[in-house]
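So the structure is just underneath, and the comments pick up after that.
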Amino acid sequence: MNNLLDSLNKQQREAVVHTEGPLLVLAGAGSGKTRVLTYRIAYLINEKNVYPSNILAITFTNKAAREMKERVENLLEGSYDMWISTFHSACVRILRMEIEKLQGYKKNFIIFDTDDQAKIIKECLKELNYNEKNFPPKEMISSISKAKDQLMTPGKFMDRYGRDFRLKKVADIYSLYQKKLMENNALDFDDILFKTVELFQNNPDALQRYQQKFKYIMVDEYQDTNYCQYMLINLLAKSHRNLCVVGDDDQSIYSWRGADIGNILNFEKDFPDAKVIKLEQNYRSTQTILDAANSVISKNFGRKSKRLWTDNGEGKAIIYYKAMDERDEADFIIGEIDRLAFQEQISLNSFAILYRTNAQSRALEEMCMARGVPYKIVGGHRFYDRMEVKDIIAYLRVIQDPEGDLSIKRIINVPKRGIGKATIDQLEDYARQNGVSFYEALLFADNIDGISKKARNSIKDFVRLIAELMDIAENESASEVINQVILKSGYLEELEKGDDEAQERARNIKELISAALEYEEKNEDNSLTGFLENMALMSDIDGLKEDREGITMMTIHSAKGLEFPVVFICGLEEGLFPTQRAFFEEHQLEEERRLMYVAVTRAKEKLYLTSAFERTLYGSTSYTMESRFLREIPKDLIMKV
DNA sequence: GTGTTGAGTATTTTT
DNA sequence: TACTCAACAC
């Protein structure tokens, strides 16, 4: 362990050994913050004899959590019972044990994603007779999400905004939405955090138990925490105050999701006795790249002053190419990668193309296909979000708990069974009038007027199918249940007679079975609930396969925390990057600038910047102006080609 | 009950 | 451009 400390620089070592009391580590990009965190955990266990079970480390992605756990266990040469996880996983874990302390919630709750949320919101609007034009579901979701970030219940929302004609209605929607979530035995992503805070605020005993348990708390990417997460951490850390937060205010790029940069900027106010350590030595990039990054970010105000440096050497000049249009841009980028990969024998895995919006991937993808260059795209939509996967998930949710109306309505006619809208409306009316769930209404279908003979039979078959599957789920693993679902429901059969696209869907479902098998191998808990939770909390980047050779393409947001030897940042045009929406507000422009900073600092050796003279986006073509961020980089660092 | 059309709309998305 | 979804036609 002593020799392990030797491999750290002075500031890193300081951060590792400062174990008692509040600590703020301001870690510039590439300054080895993950290293600090992993060594700190290892140090606590090895040198300070802290029980692993007394440690809580929070990361923002499952992937980061997994990697951190692996690295700690490698250092310690063994496996330990520490909580290294995302906010959401940690909270779900707590709620699975404790949520029944909150009125009306059950332990086997399911997790709603944005799709599910939208459907529920639409139901609410219909029921309240509000128009989707005046109350766009997306906006409603984000208002509710913001309220939850601020720990505002529907009641509080009403108290605060109820006098406003429109906001009063939003409060009604929020309130009904919450009621429907409960009826579905579901929590949305924000609830997972909010309910945990509520639990602790209302149950001092429970809070105390967890305060006792988590004697040492570490939070990574602290600049991206929202108010709710901030409260959660502060509640937990209150008694021991051994809280170490690591972050970089310059890399705060999620304010639009409620992340409050103030959390990191005010840490010293919250904890006046906090020790502050800055990590400014960068181990990742060349000096040229860092100079560019420093120069861009220095245009922002209200930051903690930091200046990255390295002893990696100057490195190569940054290359800027101004293309005719997005096709020419793609041609240049892919051509350059092709050339470098061939001439200098560089693996395609060394290259990343970063862009502001997912829509930009199209031209690049087409160019790769045309030239036969392998690539991997991160983002767009998650595997879990595919229609066919969501259908199967809905089956699993129904099997796990048939009272969830949303899921059962999704699959009742998938594959087609002749239970159409008219029948469903009848069933819904019956359920509402009798105060029962949709599933129970199905059981009473024979007594409901206005349902055809044919539909009644279909409903009976469907109920029988679900019962049969529930039976299977009693004894079988998640993967086997999925297998039975697709066989017995006729879902797979239907796809297999379909076109190419249907075949692709069939493959995705088989992929889902593999995912379930993999999950069962990795976890002792092979329950359906566990697997569903895993799927819900999984993101696209978590599944990024490092084994397959290919260029990586993704948005800058997705690239945070990653590094590549050669990075291309494309679409450097006013209105695209920075986005048009940031033109009017300085703080939004600053966030775009931080995004640029994040993008630049992903590069280890070589950085390319590109823009296009004219660009077609969403079907219309327009002339562009070069991004201001290009001008914010010193000219002598850039070589135009 | 199912299939088709046309209007509307489009950042970023660690969970 | 390309997708989604509500309204309409069969």
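The figures here come from the full heavy-atom set of this structure, side chains too, leaving out hydrogens, waters and symmetry mates. Sequence lines set the chain letters: A, B, ... in the order given, protein chains first and strands last, and positions in each chain run from 1.
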Is A/M535 close to A/L532 at the side-chain level, that is, under 4.5 Å between some pair of heavy atoms?
no
Backbone N or O of A/S458 within a donor-acceptor pair of the A/R417 side chain at under 3.5 Å?
no
Distance check needed: B/dT13 C1' versus A/D188 CG, whole Å only.
15 Å
Aromatic rings A/F60 and A/F87: how do their planes relate, parallel, tilted or perpendicular, breaks at 30° and 60°?
perpendicular
What are the residues of residues 244-263 of chain A, sorted by number, that bring a heavy atom to within less than 4.0 Å of DNA chain B?
A/Y254, A/W256, A/R257
Could you go through A/E592 and A/T579, starting from their C-alpha distance and side-chain angles, then the distance that decides it, and tell me whether this counts as side chain to side chain donor-acceptor pair (under 3.5 Å)?
CA-CA 8 Å; A/E592 293 291 303; A/T579 174; 5.5 Å; no
Hey, is the main chain of A/Q426 close enough, under 3.5 Å, to the side chain of A/D429 for a donor-acceptor pair?
no
Does a nitrogen or oxygen in the side chain of A/S558 sit under 4.0 Å from OP1 or OP2 of B/dT13?
yes
Separation of B/dT13 C1' from A/Y355 OH (nearest whole Å)
14 Å
Could you tell me how far apart A/I377 (CD1) and B/dT13 (P) are, to the nearest whole angstrom?
12 Å
Close N or O pairs between protein and nucleotides 2-6 of chain C (under 3.5 Å):
residue, atom, partner, partner atom, Å
C/dA2, OP1, A/R362, NE, 3.4
C/dA2, OP1, A/R362, NH2, 2.9

For A/E123 and A/K126, run salt bridge (Lys or Arg N to Asp or Glu O under 4.0 Å): C-alpha distance rounded to whole Å, both residues' side-chain angles, the deciding distance at 0.1 Å, then the answer.
CA-CA 5 Å; A/E123 280 183 14; A/K126 206 178 272 172; over 6 Å; no
Just how far, in rounded Å, is C1' of B/dT14 from CZ of A/R66?
13 Å
For A/I556 and B/dT14, what is the distance between atoms CD1 and C1' respectively, to the nearest whole Å?
16 Å
Could you state the NE2-C1' distance from A/H557 to B/dT12, rounded to the nearest angstrom?
4 Å
Expected output: side-chain A/N300 to main-chain A/E590 donor-acceptor under 3.5 Å
yes
Check the distance between B/dT13's C1' and A/K146's NZ and give it to me in whole angstrom.
13 Å
Its contact letters, B for base, S for sugar-phosphate only and - for none at protein heavy atoms under 4.0 Å, make nucleotides 1-11 of chain B read SSS------BB
I want to check something: taking the side chain as every heavy atom from C-beta on, are A/L572 and A/E626 in contact at a cut-off of under 4.5 Å?
no
Look at the side chain of A/R96 and the backbone N and O of A/F109, then say whether any donor-acceptor pair between them is shorter than 3.5 Å.
yes
In whole Å, I'd like the distance from the CG atom of A/L354 to the P atom of B/dT12.
14 Å
Side-chain heavy-atom pair A/Y222, A/V246 within 4.5 angstrom cut-off:
no
So does A/I111 get a backbone contact from the side chain of A/R397, meaning a donor-acceptor N/O pair under 3.5 Å?
yes
